[in-house]
There are 2 protein chains.
Amino acid sequence: MSMRGQSISIGELARRADCKPETVRYYERIGLLRDASRTDGGQRRYGDDTVRRLSFIRHARDFGFSVASVRELLAMSDQPDMSCQEVDAIATHHLKKVESRLQRLSALREELQRMVTHCAGGKVESCRIIEVISDHQLCITENSHGGAQDLG
Amino acid sequence: MSMRGQSISIGELARRADCKPETVRYYERIGLLRDASRTDGGQRRYGDDTVRRLSFIRHARDFGFSVASVRELLAMSDQPDMSCQEVDAIATHHLKKVESRLQRLSALREELQRMVTHCAGGKVESCRIIEVISDHQLCITENSHGGAQDLG
DNA sequence: TGTAAACCTTGTAGCAACTACAGCTTCAAG
DNA sequence: CTTGAAGCTGTAGTTGCTACAAGGTTTACA
């Protein structure tokens, strides 16, 4: 095995994949990235394969896939001969979740718009925003109820 | 001070505000709810005022306001004579965040739809989904880039 | 009055997915 | 050969809860 291409430091790797060294170490710790080879002094050195792998991870995370899903996607992409049914299943499942999130969020936007529009700028006593938050009855949409999922 | 109206247990309170006892204790710990009065045996007892306050908190959280924002909103609603400019500012700020989140999410949905639609169901080798995640160049929208914010 | 179920108590640890230190060592440029 | 940036490990913090364990209290019913 040649050492050629094992010349990228953790900082450089992070820069190329648009994240931070801490994140790289974190991914190594949880097993998304394999243990890196080291210099004599103990610093990590990477090759282009890891740049590609890390970029894949970051993009998938950007797309909103959970680390667990990324793990599965990585395992599958490591086996090019496999059927991609499972890949499709994960993506479709994710799409469903995104769609329902989208619905909730847009109901929420309408409610907030309504609140803000109706706030006359007077006293807190008669503030439309406080009222709507206090009394769910004043909501138009039923969608805006149902448990907050990290919207905040 | 009469003890009348201090007869609601933590479980009952939680039920009325649609959350769990653990959450109530948590809110007490972080100072969103004041320390409750206790029975001789040391159990918490509440009045209707707390039911209203907790409902307010839960609704605000449902609307996606952070605990920090809820804290500010509570402080303001405790002062009915104040101008509600700040309330409006918090809500408007929140609305902006919701709107940008919404845009990102809908770009994400399109990309996922495109991925899933183009996945022919063949081998992982030629899987459209894996390709798009691997290579951001294949994305249509620019919006789908920019750092994942708790999408899942 | 006894007892058993249902509820409550505190404290602690866990979740996701990082992020931010502190206190030290190593590397690379000049 | 020095200096300053970057890297190392390990641990704790973030947000907003949730989930125990190991006990104590309340309440309803017989």
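For clarity, every value in this text was computed on a predicted model and none was experimentally measured.
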**Student:** Would you say a side-chain N or O of A:Y27 is under 4.0 Å from OP1 or OP2 of C:dA17?
**Tutor:** no
**Student:** Please tabulate the protein-to-nucleotide N/O contacts below 3.5 Å involving nucleotides 20-25 of chain C, giving atom names and distances.
**Tutor:**
| from | atom 1 | to | atom 2 | distance (Å) |
| --- | --- | --- | --- | --- |
| C:dA20 | OP2 | A:K20 | NZ | 3.3 |

**Student:** Between D:dT26 and B:R45, is there an OP1 or OP2 to side-chain N/O distance shorter than 4.0 Å?
**Tutor:** no
**Student:** Below the 4.0 Å mark, does D:dG7 have OP1 or OP2 next to a side-chain nitrogen or oxygen of A:S9?
**Tutor:** yes
**Student:** Over how many whole Å does the gap from A:E12 atom CD to D:dA5 atom C1' extend?
**Tutor:** 14 Å
**Student:** Can you pull the side chain to side chain donor-acceptor pair (under 3.5 Å) pairs that have at least one residue in residues 24-34 of chain B, sequence neighbours excluded?
**Tutor:** B:Y27-B:R58, B:E28-B:R44
**Student:** Once salt bridge (charged side-chain N to carboxylate O under 4.0 Å, His left out) is applied, do any residues pair with B:R52, and if so which ones, sequence neighbours excluded?
**Tutor:** none
**Student:** Please give, in whole Å, the distance from D:dC8 C1' to A:D40 CG?
**Tutor:** 15 Å
**Student:** Less than 4.0 angstrom between a side-chain N/O of B:T39 and OP1 or OP2 of D:dT26, yes or no?
**Tutor:** yes
**Student:** Nearest whole angstrom, please: distance from the P of D:dG7 to the CG of A:L13.
**Tutor:** 10 Å
**Student:** It should be established whether B:R44 places a side-chain nitrogen or oxygen under 4.0 Å from OP1 or OP2 of nucleotide C:dT10.
**Tutor:** yes
**Student:** When you match B:G42 and B:I57 each to their closest nucleotide on DNA chain D, which lands nearer the 5' end?
**Tutor:** B:I57
**Student:** May I have the distance from A:E28 (atom CD) to C:dA17 (atom P), rounded to whole angstrom?
**Tutor:** 19 Å
**Student:** Want to settle it: does A:V67 or B:R15 sit nearer the 5' end of DNA chain C, counting the closest nucleotide to each?
**Tutor:** B:R15
**Student:** Between side-chain atoms of residues 67-76 of chain A and protein atoms elsewhere (two or more places apart, or another chain), which donor-acceptor pairs fall under 3.5 Å?
**Tutor:**
| from | atom 1 | to | atom 2 | distance (Å) |
| --- | --- | --- | --- | --- |
| A:S69 | OG | A:S66 | OG | 3.2 |
| A:R71 | NH1 | A:I30 | O | 2.8 |
| A:R71 | NH2 | A:I30 | O | 3.3 |

**Student:** For residues 78-89 of chain A, which side-chain N or O atoms pair as donor and acceptor with protein atoms under 3.5 Å away, sequence neighbours left out?
**Tutor:**
| from | atom 1 | to | atom 2 | distance (Å) |
| --- | --- | --- | --- | --- |
| A:S83 | OG | A:Q85 | N | 3.1 |

**Student:** Could you list the residues that satisfy side chain to side chain donor-acceptor pair (under 3.5 Å) with B:E12, not counting sequence neighbours?
**Tutor:** B:R15, B:R16
**Student:** So, B:E111 and B:R114, do they make that salt bridge, N to O below 4.0 Å?
**Tutor:** yes
**Student:** Hey, does the side chain of A:R58 come within less than 4.0 Å of C:dC18's phosphate (OP1/OP2), counting only N and O?
**Tutor:** yes
**Student:** For A:R61 and C:dC18, give me the distance from atom CZ to atom P, rounded to whole Å.
**Tutor:** 4 Å
**Student:** Find the distance between CG (B:L32) and CG (B:L54) and round it off to the nearest 0.5 Å.
**Tutor:** 9.5 Å
**Student:** For A:L54 and C:dA17, what is the distance between atoms CG and P respectively, to the nearest whole Å?
**Tutor:** 16 Å
**Student:** The side chain of A:I10 is closest to which nucleotide in this list: C:dC18, D:dT9, D:dG7?
**Tutor:** D:dG7
**Student:** Without decimals, in angstroms, what is the distance between B:Y26 OH and C:dT12 P?
**Tutor:** 17 Å
**Student:** If the cut-off is 4.0 Å, is A:T23 near the phosphate of C:dT19, judged by side-chain N/O to OP1 or OP2?
**Tutor:** yes
